[in-house]
Amino acid sequence: MTILNILKEPHPILRKKSQLVHEVDNNLRKLMDNMLQTMYNAPGIGLAAPQVGILQRVVVIDISKDNEFKKPLFFVNPEITWRSEEVETREEGCLSIPGYYAEVTRSIRCKVNYTDYNGSPQELNANGLLATCIQHEVDHCNGVLFIDYLSKLKKDMIIKKLLKTKKEKKIL
Ligand code: GNR
Ligand code: NI
């Protein structure tokens, strides 16, 4: 297995819309395995394929705690079919926006249709942190980042600092 490189904002690929997957084959399963390992290594609780430079609608999530058994979830072509009117505000982070955290308001529950690791169709009713994470990852598949929900001032400040970090890294 391979640890993949995680793209950081600002990066044009993170702003593109990912394509639907046509078939869950061994090649796609290999991508999902590598994404899961990359996510655990980061560490993070979710990862979308565009974050590793692959514009396909593929997401991995594991919200289990450190002292629990791992519970990896694989979503191919996740589609949110319902979002609750009831919302909650939670502090979010993103592996593509390292070091910055902000409160984001999202639906407290959602329903998602997807294809699983074996290529079978599934429907999941999610709430709490899982619902937040699913919405965050589906956003990635549409080129949307959590900073897009902040004020323009906060968003621009974060992007400016991330760009400065990128420039400093190139010199070193
Ligand atoms: O690791 C992550 N933590 C997190 C916390 C709150 C809301 C969403 C997330 S997802 C994030 C990993 C990531 O960037 N996924 O795209
Ligand atoms: Ni993210």
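Everything quoted here is computed from the prediction, not taken from an experiment. All residue numbers refer to positions in the sequence shown, counting from 1. Counting starts at 1 for both ligands and their atoms, following the listed order.
- Arg29 pairs with exactly one of Asn26, Asp33, Asn27 by the side chain to side chain donor-acceptor pair (under 3.5 Å) rule, that one being Asn26.
- Ile13 and Leu95 fall into different hydrophobic clusters, where Ile, Leu, Val, Met, Phe, Trp and Tyr are joined by side-chain heavy atoms under 4.5 Å apart, directly or via other members.
- By the 3.5 Å distance cut-off applied to N or O atoms, His136 is counted among the residues near ligand 1.
- Side-chain contact annotation: Arg106 with Thr132, donor-acceptor N/O pair under 3.5 Å absent.
- Donor-acceptor pairing under 3.5 Å is lacking for the side chains of Asn113 and Glu79.
- Using a 4.5 Å heavy-atom cutoff, the side chains of Thr115 and Ser120 are not in contact.
- Atoms of ligand 1 lying under 4.0 Å from any heavy atom of His140, numbered from 1 in the order shown and given with element: 16 (O).
- Donor-acceptor pairing under 3.5 Å is recorded for the side chains of Gln51 and Ser96.
- Evaluated by nearest non-hydrogen atom to atom 16 (O) of ligand 1, the leading choice among Glu91, Glu137, Glu92 is Glu137.
- Counting only distances under 2.8 Å, and ignoring water, the protein N, O or S atoms around the Ni ion (ligand 2) are Cys94 SG, His136 NE2, His140 NE2.
- Across Glu137 and Ala48, no two heavy atoms sit closer than the pair OE1-N, 3.5 Å.
- Side-chain N or O atoms of Arg57 include none that pairs as donor or acceptor with a backbone N or O of Gln19 at under 3.5 Å.
- Remark: among candidates Ala48, Gly93, Gly46, Gly44, the nearest residue to atom 9 (C) of ligand 1 is Gly93, based on non-hydrogen atoms.
- Listed by number with element, the atoms of ligand 1 under 4.0 angstrom from any heavy atom of Cys94 are 14 (O).
- Residues Asn142 and Lys17 have side chains that bring a donor and an acceptor to within less than 3.5 angstrom of each other.
- Under the rule for a side-chain contact (heavy atoms from CB on, under 4.5 Å), the partners of Lys154 that lie at least two apart in sequence or sit in another chain are Leu150, Ser151.
- Among all non-hydrogen protein atoms, the one lying nearest atom 14 (O) of ligand 1 is Leu95 N, 2.8 Å.
- Distances from atom 1 (O) of ligand 1 to the heavy atoms of Val104, Ile45, Ile97, Leu145 put Ile45 nearest.
- The shortest heavy-atom distance from Met39 to ligand 1 is not under 4.0 Å.
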